[in-house]
Novice: 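Structure in structure tokens, see below.
Please read these numbers as outputs of a predicted model, since none were measured by experiment. Reminder, nothing fancy here: chain letters follow the sequence lines and each chain counts from 1.
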Protein chains: 2
Amino acid sequence: MKFDDKIPIYYQIKTYLYHAMLTGKLQPGAQLPAVRQLAVDLTVNVNTVQRALAEMITEGTIVSQRGKGNFVTEDQARLAQLKETLVMSQLAQVYRQLHALNLSDTEIVASLQRYIEHREGQVDDKSIND
Amino acid sequence: MKFDDKIPIYYQIKTYLYHAMLTGKLQPGAQLPAVRQLAVDLTVNVNTVQRALAEMITEGTIVSQRGKGNFVTEDQARLAQLKETLVMSQLAQVYRQLHALNLSDTEIVASLQRYIEHREGQVDDKSIND
DNA sequence: TATAGTGTAATAGTTAAATAGAACACTAGG
DNA sequence: CCTAGTGTTCTATTTAACTATTACACTATA
């Protein structure tokens, strides 16, 4: 997997797993791939995977069962909250950045609409089961 | 200045200066604060400032004159191109992330509009002359 | 010509992220 | 009981970013 070298890998792994959990690729209660398998799939070290998982366990978005595996929480409210948080942080960031470039509220929305209309040839993938 | 510890400081300094250049706080041709002064203002090391500036010099967005100072380029076309690049990368990122969370094009625009309508009590600052 | 203010470069030390490798702890199933 | 498959922890090493400090190069001006 390709990572943005401006952001810690463990952090990008969290984002990757969040997306899998919030798009149905990993249903509530589902078992995650084994940490060693994830390390192979993502071409990173086991400890780096573990660091990402440790934070997610602390947050309660995944549940760890020693000897059995890691599982997506069944607490759907928590998952909904997670999605809300991720969406909001993205919106806040793009708004802050574009506003800092002197774009008005109207221009920000308009530029996003234009971007969506004119973008082309994008890939959509994201697979946790290859 | 407060930095996001998930992103290299020198990179955030570039963003900071770009914003100043693209919002009129630093006009085309204007002299930047001295590197040692910037280091004090941003509470970072001179070398970190220098690293950010070095990349900007390579890009041609600022021009260095040894013994005199660093200056914003007078090439307005380049500045316009810089702004376009920054705006586009922001839009691409928010679109990619929200799309990865299964939001449709329509939902992405709607969520941004909702965010802008309901956000409250934000600060807008950004000062290169305090 | 001396001095102060600029950018530039080099060296050395610190820290956090990531890696490699090993070991330990628990679970399930033969 | 043993073994294979899990998660967990630890130590050591490497690398990149950042810092601290010093020195050097150039410009303007008194």
Novice: Tell me whether the count of non-hydrogen atoms from other residues, nucleotides or ligands lying under 6.0 Å of CZ in Phe71(B) goes above 12.
Specialist: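 More than 12 heavy atoms, drawn from other residues, nucleotides or ligands, come within 6.0 Å of this atom.
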Novice: Check the distance between dA17(D)'s C1' and Asp4(B)'s CG and give it to me in whole angstrom.
Specialist: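 Rounded to the whole Å, the gap is 15 Å.
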Novice: Where the side chain of Pro8(A) is concerned, which of dG7(D), dA17(C), dT19(C) is the nearest nucleotide?
Specialist: dA17(C)
Novice: Can you list every salt bridge (charged side-chain N to carboxylate O under 4.0 Å, His left out) pair that touches residues 14-23 of chain B, not counting sequence neighbours?
Specialist: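 Of all non-adjacent pairs touching residues 14-23 of chain B, those that pass salt bridge (charged side-chain N to carboxylate O under 4.0 Å, His left out) are Lys14(B)-Glu55(B), Lys14(B)-Glu59(B).
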Novice: Grab the OH-P distance between Tyr10(A) and dA16(C) for me, whole Å please.
Specialist: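 About 11 Å, once rounded to whole Å.
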Novice: Just the rounded figure in Å: distance from C1' of dA17(D) to CD1 of Ile9(A).
Specialist: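 After rounding, the reported distance stands at 15 Å.
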Novice: Any protein N or O atoms within reach of nucleotides 22-27 of chain D? Criterion: under 3.5 Å, listing atom names and distances.
Specialist:
{"unit_1": "dA25(D)", "atom_1": "O4'", "unit_2": "Arg66(B)", "atom_2": "NH2", "d": "2.7"}

Novice: Using distance only, find each side-chain donor-acceptor pair of residues 32-40 of chain A under 3.5 Å and give its atom names and separation, not counting sequence neighbours.
Specialist:
{"unit_1": "Gln37(A)", "atom_1": "NE2", "unit_2": "Asp41(A)", "atom_2": "OD1", "d": "2.9"}

Novice: Looking across every strand, which nucleic acid part, if any, lies under 4.0 Å from Val44(A) by heavy atom: base, sugar-phosphate, or nothing?
Specialist: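 If one applies the 4.0 Å heavy-atom cut-off, Val44(A) turns out to touch the sugar-phosphate alone, with no base involved.
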Novice: Can you name the residues that form a side chain to side chain donor-acceptor pair (under 3.5 Å) with Thr15(A), not counting sequence neighbours?
Specialist: none
Novice: Rounded to whole Å, how long is the line connecting atom CG of Leu32(B) with atom C1' of dT6(C)?
Specialist: 13 Å
Novice: Has Thr48(B) got a side-chain N or O lying under 4.0 Å from the OP1 or OP2 atom of dA17(D)?
Specialist: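 Negative; the distance criterion is not met.
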Novice: Nearest whole angstrom, please: distance from the P of dC26(C) to the CZ of Phe71(A).
Specialist: 17 Å
Novice: In whole angstrom, give the distance that lies between atom CD1 of Ile13(A) and atom P of dA17(C).
Specialist: 13 Å
Novice: Nearest to the side chain of Gln50(B), which nucleotide is it out of dC18(D), dT19(C), dG7(C)?
Specialist: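 Of dC18(D), dT19(C), dG7(C), dG7(C) is nearest to the side chain of Gln50(B).
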Novice: Taking only residues two or more places apart in sequence, or in another chain, which ones meet Asn102(B) in a side chain to side chain donor-acceptor pair (under 3.5 Å)?
Specialist: none
Novice: Considering only dG7(C), dT19(C), dT8(D), which nucleotide approaches the side chain of Asn70(A) most closely?
Specialist: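 Of the options given, the side chain of Asn70(A) lies nearest dT8(D).
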Novice: If you look only at pairs with a residue in residues 68-87 of chain A, which of them pass as a side chain to side chain donor-acceptor pair (under 3.5 Å), with sequence neighbours excluded?
Specialist: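 Counting only pairs at least two positions apart or across chains, the side chain to side chain donor-acceptor pair (under 3.5 Å) contacts touching residues 68-87 of chain A are Ser64(A)-Asn70(A).
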Novice: Rounded to whole angstroms, how far apart are CG on Asn45(A) and P on dT8(D)?
Specialist: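 One finds 15 Å between P of dT8(D) and CG of Asn45(A), rounded.
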Novice: Any side-chain donor-acceptor pair under 3.5 Å between Tyr10(B) and Asn47(B)?
Specialist: no
Novice: Take the protein atom CZ of Arg51(A) and the nucleotide atom C1' of dG7(D), then report the distance between them rounded to whole Å.
Specialist: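 To the nearest whole Å, that distance equals 18 Å.
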